*Asks:* 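After the structure tokens below, expect a handful of questions from me.
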2 protein chains.
Amino acid sequence: MNENVTTMPKTARGAATRARIVDAATALVRARGAANTTIDAVIEASKASKSQVYHYFADKDELVLAVIQRQAECVLGTHEGLLRKLNSLTGLRRWRDAVVELTDQTNCAGGCPLGSLAAELSETPRTRAALAESFARWAGYFEAAFARMQTRAGKKPTNDLKALSEAMLASLQGGLLLAQTLRSTRPLELALDMAIEHVAARLEL
Amino acid sequence: MNENVTTMPKTARGAATRARIVDAATALVRARGAANTTIDAVIEASKASKSQVYHYFADKDELVLAVIQRQAECVLGTHEGLLRKLNSLTGLRRWRDAVVELTDQTNCAGGCPLGSLAAELSETPRTRAALAESFARWAGYFEAAFARMQTRAGKKPTNDLKALSEAMLASLQGGLLLAQTLRSTRPLELALDMAIEHVAARLEL
DNA sequence: GAAAAAGTGGACTATTTAGTCCAAATACTT
DNA sequence: AAGTATTTGGACTAAATAGTCCACTTTTTC
């Protein structure tokens with residue numbers, strides 16, 4: 001029925017508006033969850049108007065999808081930066097410390113931005129797919145780091161690096177969830193230390 | 001303003017009604033999350049009337065709290081049953097298989113009933129407290145099982161059993177979240193195997 | 001600089017939603 | 001059996017919500 005389909009911005013001004021909307025929506029979803037974030041709240045926070053939101057997004061679901069992508073960019077960007085040049089157990093421990101530090105700085109509130117979205121939106125096909133892809137990319141960063149650790153130590157490459165990276169990501173997600181609920185970084189620290197030991201053992205480092 | 005405070009049922013009939021409401025609400029929250037569950041949907045599913053819901057619960061938040069308690073009963077009941085008599089690494093591996101089997105039976109949908117609630121409701125003080133307590137009890141079951149494993153093997157009791165149980169719970173939660181999003185039991189299996197190895201190493205079994 | 005395209009403001013509608021209220025029905029008490 | 005407490009049905013309200021629509025403005029194109 002609706003001929004006026006969603007548009008991607010065609011000018012810099014439009015791009016800026018769209019970005020403002022997604023940014024505001026991302027912050028609100030982060031704080032209250034997708035279901036508790038209203039379009040009106042997004043409009044107010046982004047100082048956009050209703051027609052602007054519905055000009056760039058077909059409906060709320062599409063906006064939420066953009067939020068997932070935005071949040072994934074942010075989280076994966078951070079971790080890619082932290083993991084990019086990592087090639088030793090010491091480096092991995094430094095990454096652990098950084099994650100714990102980051103979590104501590106927010107009093108464990110909010111948990112993992114992607115993990116929270118995953119818990120809320122994993123039963124909807126499109127959002128689930130987007131989140132699954134993000135997790136896969138995230139695991140890929142670990143995998144690459146483990147490969148570098150292995151070659152640097154002169155070990156022959158093993159092929160269970162993917163398994164190792166999934167276990168690491170699971171520890172991270174579980175640790176962050178417990179940290180959020182128990183309001184303590186302890187479970188996160190314990191989970192990550194366990195995973196690092198596991199990596200060290202498997203990589204024979 | 002409201003003199004007509006929430007009432008606990010005083011007759012068997014009332015108790016049955018309240019239970020019907022909580023059961024229906026629990027199923028709906030499990031399927032769609034708390035924010036996406038409306039009182040009207042609960043009324044329809046439980047064949048109760050609005051006045052009944054507001055007779056037994058002050059507002060939606062109180063109903064959600066009852067749902068958390070109900071779900072915690074259910075999940076902790078299941079795991080208490082599985083872990084109660086566990087006193088060996090073999091038993092722990094059987095528990096792992098049971099969890100994976102259970103997850104597989106639902107095609108990894110829904111994730112952990114408590115974990116999903118935790119992700120959604122950990123920023124609200126009362127719900128967070130209820131969830132934190134549930135996780136603590138859950139970890140307690142692991143701790144007790146590890147203690148039995150240790151004494152059965154004739155080892156002197158170590159005092160990091162609590163840490164070990166938190167790492168185990170984190171692996172479980174992270175594994176279930178990834179399983180839900182990736183629609184595969186693999187990350188769950190990997191995370192649990194890692195945690196079991198870790199337990200074996202720490203307990204020197 | 002005129003025409004076309006892109007972007008904007010915000011009023012308006014349809015529904016949905018949490019919560020209120022009270023009269024009627026049912027169960028307990030003595 | 002009368003009287004009291006509990007439970008129930010459902011109409012009603014006020015606010016919130018997703019989404020529509022169109023007139024108006026700004027920017028780009030030729």
Side-chain angles (χ1 to χ4, degrees), chain A residues 1-26 28-29 31-67 120-121 124 126-127, chain B residues 1-26 28-29 31-67 120-121 124 126-127:
Chain A
M1 306 300 176
N2 186 8
E3 281 303 313
N4 195 10
V5 263
T6 308
T7 325
M8 277 303 275
K10 308 229 161 107
T11 70
R13 183 159 155 255
T17 300
R18 204 194 110 112
R20 239 168 50 235
I21 292 168
V22 175
D23 282 356
T26 301
L28 288 168
V29 168
R32 313 135 61 138
N36 286 317
T37 298
T38 68
I39 301 286
D40 285 345
V42 172
I43 286 166
E44 191 181 344
S46 64
K47 274 129 176 40
S49 74
K50 201 146 246 193
S51 71
Q52 288 174 295
V53 171
Y54 285 97
H55 184 61
Y56 296 114
F57 305 95
D59 52 25
K60 195 185 168 184
D61 287 347
E62 280 219 355
L63 178 55
V64 168
L65 207 59
V67 165
E120 185 177 0
L121 303 167
T124 309
R126 289 186 71 191
T127 46
Chain B
M1 308 296 177
N2 185 8
E3 280 304 312
N4 196 10
V5 264
T6 308
T7 324
M8 277 305 273
K10 308 225 162 113
T11 69
R13 184 159 154 256
T17 300
R18 204 194 111 111
R20 238 168 52 233
I21 292 168
V22 174
D23 283 355
T26 301
L28 287 167
V29 168
R32 312 130 70 130
N36 287 317
T37 298
T38 67
I39 301 285
D40 285 345
V42 172
I43 286 166
E44 190 182 345
S46 63
K47 274 128 176 42
S49 74
K50 201 146 247 192
S51 70
Q52 288 174 296
V53 171
Y54 284 97
H55 183 63
Y56 295 113
F57 305 96
D59 52 24
K60 195 186 168 185
D61 287 348
E62 280 220 354
L63 177 55
V64 168
L65 207 59
V67 165
E120 185 177 0
L121 303 168
T124 308
R126 288 185 72 192
T127 46

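In what follows, chains are A, B, ... by sequence order, proteins preceding strands, each numbered from 1. All values reported here derive from a predicted model rather than from experimental measurement.
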*Asks:* Take atom CG of N36(B) and atom C1' of dA18(D), then tell me their distance rounded to the nearest Å.
*Replies:* 14 Å

*Asks:* Near DNA chain C, counting only heavy atoms under 4.0 Å, which residues of residues 17-26 of chain B show up?
*Replies:* none

*Asks:* Mind checking what makes side chain to side chain donor-acceptor pair (under 3.5 Å) contact with D23(B), not counting sequence neighbours?
*Replies:* R70(B)

*Asks:* How far apart are the closest heavy atoms of A35(A) and E120(A), and which atoms are they?
*Replies:* N-OE2, 2.8 Å

*Asks:* Determine yes or no for a side-chain-to-main-chain donor-acceptor pair under 3.5 angstrom, with E62(A) supplying the side chain and D59(A) the backbone.
*Replies:* no

*Asks:* What is the separation between atom NZ on K60(A) and atom P on dT17(D), rounded to the nearest whole Å?
*Replies:* 9 Å

*Asks:* Could you give the CD1-to-P distance, from I43(A) to dA16(D), as a whole number of Å?
*Replies:* 15 Å

*Asks:* Going by heavy atoms closer than 4.0 Å, what residues in residues 45-53 of chain A are next to DNA chain C?
*Replies:* S49(A), K50(A), S51(A), Q52(A)

*Asks:* What is the distance, rounded to the nearest whole Å, between atom OH of Y54(A) and atom P of dG7(C)?
*Replies:* 19 Å

*Asks:* Are the side chain of T127(A) and the backbone N or O of L121(A) linked by a donor-acceptor pair below 3.5 Å?
*Replies:* yes

*Asks:* Within this structure, what is the CZ-to-C1' distance between R32(B) and dT16(C), rounded to whole angstrom?
*Replies:* 13 Å

*Asks:* Specify the separation, in whole Å, of atom NZ of K10(A) and atom P of dA4(C).
*Replies:* 17 Å

*Asks:* Report the distance from atom CD1 of I39(B) to atom P of dT13(D), rounded to the nearest whole Å.
*Replies:* 20 Å

*Asks:* Round to a whole Å and report the spacing from CZ of R13(A) to P of dT27(D).
*Replies:* 5 Å

*Asks:* Looking only at heavy atoms, which two atoms of A34(B) and K60(B) are closest? And how far apart?
*Replies:* O-NZ, 3.2 Å

*Asks:* Quick check: closest heavy atoms across G14(B) and Y56(B), and the distance to 0.1 Å?
*Replies:* CA-OH, 3.2 Å

*Asks:* Could you let me know what dT6(D) is paired to, Watson-Crick or G-U wobble, both distances under 3.5 Å, or none if it's on its own?
*Replies:* dA25(C)

*Asks:* Quick check: do L65(A) and D61(A) have side-chain heavy atoms less than 4.5 Å from each other?
*Replies:* no

*Asks:* Look at T11(A) and dG7(C) and indicate whether a side-chain polar atom (N or O) is within less than 4.0 Å of OP1 or OP2.
*Replies:* yes

*Asks:* Only pairs with both distances under 3.5 Å count, Watson-Crick or wobble alike; so what is the partner of dG1(C) in this structure?
*Replies:* dC30(D)

*Asks:* Ignoring hydrogens and geometry, is there a side-chain-to-backbone donor-acceptor pair from K47(B) to R20(B) under 3.5 Å?
*Replies:* no

*Asks:* Contact class for Y56(A) (heavy atom, under 4.0 Å): base, sugar-phosphate, or nothing?
*Replies:* sugar-phosphate

